[in-house]
Amino acid sequence: MTTPALVEHFFRHEYGRLVATLSRRVGVQYIEAIEDAVQSALMSALERWTYSKVPDNPSAWLYRVASNQLLGELRQRSGHRRILEKSGEQVLPAPKAPVDPLLGGDLQDDLLRMLFVLCDDMLPIESQLVFALKILCGFSIREISLRLFTSEANVYKRFSRARNRLRALPGLPEAFTHAQYTSRLPSVNKVLYLLFTEGYLSSHATQAIRQELCQEAIRLTSLLAEHPAGQHPETFALLALMYLHKARMASRQDGAGGLLFLEEQDRSLWNAYDIQKGLTWLANASQGDHFSRYHAEAGIAAEHCLSPSFQETCWERVAENYALLESIAPSAIHRLNRAVAVAEWKGPKAGLALLEDFAPPTWLTGSYMWSAIMADLHKRCGHIQKAKRFKEVALQSAPSPVIRTLLQRRLENKTIN
């Protein structure tokens, strides 16, 4: 791995952990100073590691540099002098054991604790998601705007609102009440869902799939599912969904890195162990009366994983699950996906009928998803001019070259029924 690539890897994997750990040490109200210290450490790594040997334990090196930078900054602030004189170097103790450079070792609990802190009930859900994705998951503003279907300007506003709220907090609590865990768990699950989604179908310019994000999401969700705070059917269903999607990961790209459609994937490459793990977690999620969007999505993923071929997929059950998903978590995206399933089940005219009298929100009408599906359905129905117009919008609005190539192949090669 080249030095710039290594530093980018650590930015993605270590940034959130360092912020979470340092926040617990000195207080989340100093979040800006913490971010500056972590960013400075990463810049120092890029500069130093380019010309000298990468340390044996890069994670511990970053922690030491960031903590020293932060301690120096706090010492310069007269308001913190009393705290520093009282606590001294113990404010930022060094890790007692070497930190694994990929998994972060001791810092796992800090990340989960920080997730619950960021999902503060006093913050709008949009601000919670933006801040968590930016600070803990290493998402760029552009990536967040694409995932939340909003403008970059709105992302900046939500990020600032969350940061201002955190300034008023005294620090990270050692424990939350049961009520706090319960109220914040849905937001924590949504952050983890979005983290996995960005890895599974990335908006990154050159990486269509970012497996490290998927692995990180599964790791954190697994920790949550093992913790009393996360032992809930919704979390179990989310973990089931992740494993069922992960099972197909090896078959989703061709030799050149291009994405493959579901019908093109080599099912012999699907991971049987991950499928079984997903089904086990889905069975755990079925206990009780709670039914979430993750239950419906995991049910759809299970249908695909258990089908011997694309043609033998039970599209009726897939469509029914999308209908359930739309009823419990209303979204134009779910209606769109249901139309695709109905088109495979009953034909393109039936799929198009679900959308023709449907008024999609403005954020969706100009998106590549809406335009690509409308182009595909119109083409399959023989509406060539309409299909052409939607195709042009889809290709222009594709978030990355890899996705644009995929759409072009689908919209040019799909036969008309």
Side-chain angles (χ1 to χ4, degrees), residues 124-126 129-130 133 142-155 158 186-187 189-191 193-194 196-198 200-203 238 241 245 262 291-301 303-304 315-381 383 386-387 389-400 403-404 406-407 410-411:
I125 180 65
E126 296 83 4
L129 294 175
V130 164
L133 292 172
R142 175 181 175 272
E143 289 167 349
I144 296 173
S145 69
L146 288 170
R147 283 294 160 212
L148 298 185
F149 302 102
T150 188
S151 67
E152 292 186 19
N154 278 339
V155 171
R158 294 170 183 176
S187 295
N189 280 333
K190 188 165 186 179
V191 171
Y193 172 82
L194 290 173
F196 184 90
T197 302
E198 173 59 23
Y200 192 72
L201 183 60
S202 177
S203 56
L238 175 58
L241 173 63
H245 279 327
L262 179 60
F291 189 86
S292 68
R293 62 170 298 171
Y294 307 121
H295 286 79
E297 291 191 50
I300 294 166
E303 288 294 337
H304 291 308
W315 290 105
E316 180 179 3
R317 284 203 294 267
V318 173
E320 289 173 351
N321 272 302
Y322 273 122
L324 280 173
L325 183 56
E326 192 177 0
S327 68
I328 61 177
S331 170
I333 295 291
H334 303 330
R335 170 68 67 93
L336 202 58
N337 285 325
R338 180 156 69 101
V340 172
V342 168
E344 296 296 338
W345 173 27
K346 294 183 175 180
K349 290 183 179 179
L352 194 58
L354 279 176
L355 302 175
E356 286 188 324
D357 295 328
F358 175 65
T362 54
W363 58 261
L364 182 61
T365 52
S367 73
Y368 79 95
M369 291 178 290
W370 171 266
S371 300
I373 289 174
M374 291 298 287
D376 182 37
L377 292 177
H378 277 297
K379 183 177 180 180
R380 292 167 66 187
C381 288
H383 309 151
K386 285 185 177 181
R389 290 197 296 272
F390 280 112
K391 173 187 171 183
E392 291 173 353
V393 176
L395 296 179
Q396 290 172 1
S397 56
S400 70
I403 292 178
R404 185 177 298 110
L406 181 75
L407 294 177
R410 162 59 63 93
L411 298 177

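Quick note: residue numbers are just sequence positions, from 1. Atom set for the values below is all heavy atoms of this structure, side chains included, hydrogens, waters and symmetry mates excluded.
- The closest side-chain heavy-atom distance from Ile144 to Arg158 is not below 4.5 Å.
- Note: Ile403 CD1 to Tyr368 OH = 4.0 Å, rounded to the nearest 0.5 Å.
- Asn189 CG to Leu194 CG: the interatomic distance, rounded to the nearest 0.5 Å, is 11.0 Å.
- Annotation: the span from His245 atom NE2 to Glu297 atom CD amounts to 6.5 Å, rounded to 0.5 Å.
- Aromatic ring pairs are classed by plane angle as parallel below 30°, tilted from 30° to 60° and perpendicular above 60°; the pair His378 and Phe390 is parallel.
- In this structure the side chain of Phe196 never reaches within 4.5 angstrom of the side chain of Leu238, judged on heavy atoms.
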Hey, mind stepping through Asn154 and Ser145 against side chain to side chain contact (heavy atoms under 4.5 Å, CB included) and telling me if it holds?
CA-CA 8 Å; Asn154 278 339; Ser145 69; over 6 Å; no

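- Side-chain contact between Met374 and Leu352: present, with at least one pair of heavy atoms (C-beta onward) separated by less than 4.5 Å.
- Of all non-hydrogen atoms in Ser367 and Ser397, the two that sit nearest each other are C-OG, 3.5 Å.
- Sequence neighbours left out, the pairs with a member in residues 315-331 that pass side chain to side chain donor-acceptor pair (under 3.5 Å) are Glu303-Arg317, Glu326-Arg335, Glu326-Arg338.
- Closest heavy-atom contact between Pro361 and Ala332: CD-CB, 3.5 Å.
- Between His334 atom NE2 and Leu324 atom CG the span is 11.5 Å, to the nearest 0.5 Å.
- Shortest non-hydrogen contact noted between Leu129 and Ser187 is CD2-O, 4.2 Å.
- Residues Leu407 and Ala394 come closest through the heavy atom pair CD1-O, 3.8 Å.
- Summarising the geometry of Leu411 relative to Asp376, their closest heavy-atom pair is CD2-N, 3.8 Å, with the distance given to 0.1 Å.
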Just do the side chain to side chain contact (heavy atoms under 4.5 Å, CB included) check on Phe358 and Leu354 with the steps written out, would you?
CA-CA 7 Å; Phe358 175 65; Leu354 279 176; over 6 Å; no

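- Here the rule is side-chain contact (heavy atoms from CB on, under 4.5 Å) with Trp370, and of Val393, Leu364, Ile333 only Leu364 fits it.
- Interatomic distance, OG of Ser292 versus CG of Leu325, reported as 9.5 Å (0.5 Å rounding).
- When all heavy atoms are compared, the tightest approach of Ser371 to Thr365 is OG-O, 3.7 Å.
- If you take NE2 on His383 and CZ on Arg389, they are separated by 11.5 Å, rounding to the nearest 0.5 Å.
- Comment: Arg380 engages Glu344 in a salt bridge, judged by a side-chain N to carboxylate O separation of less than 4.0 angstrom.
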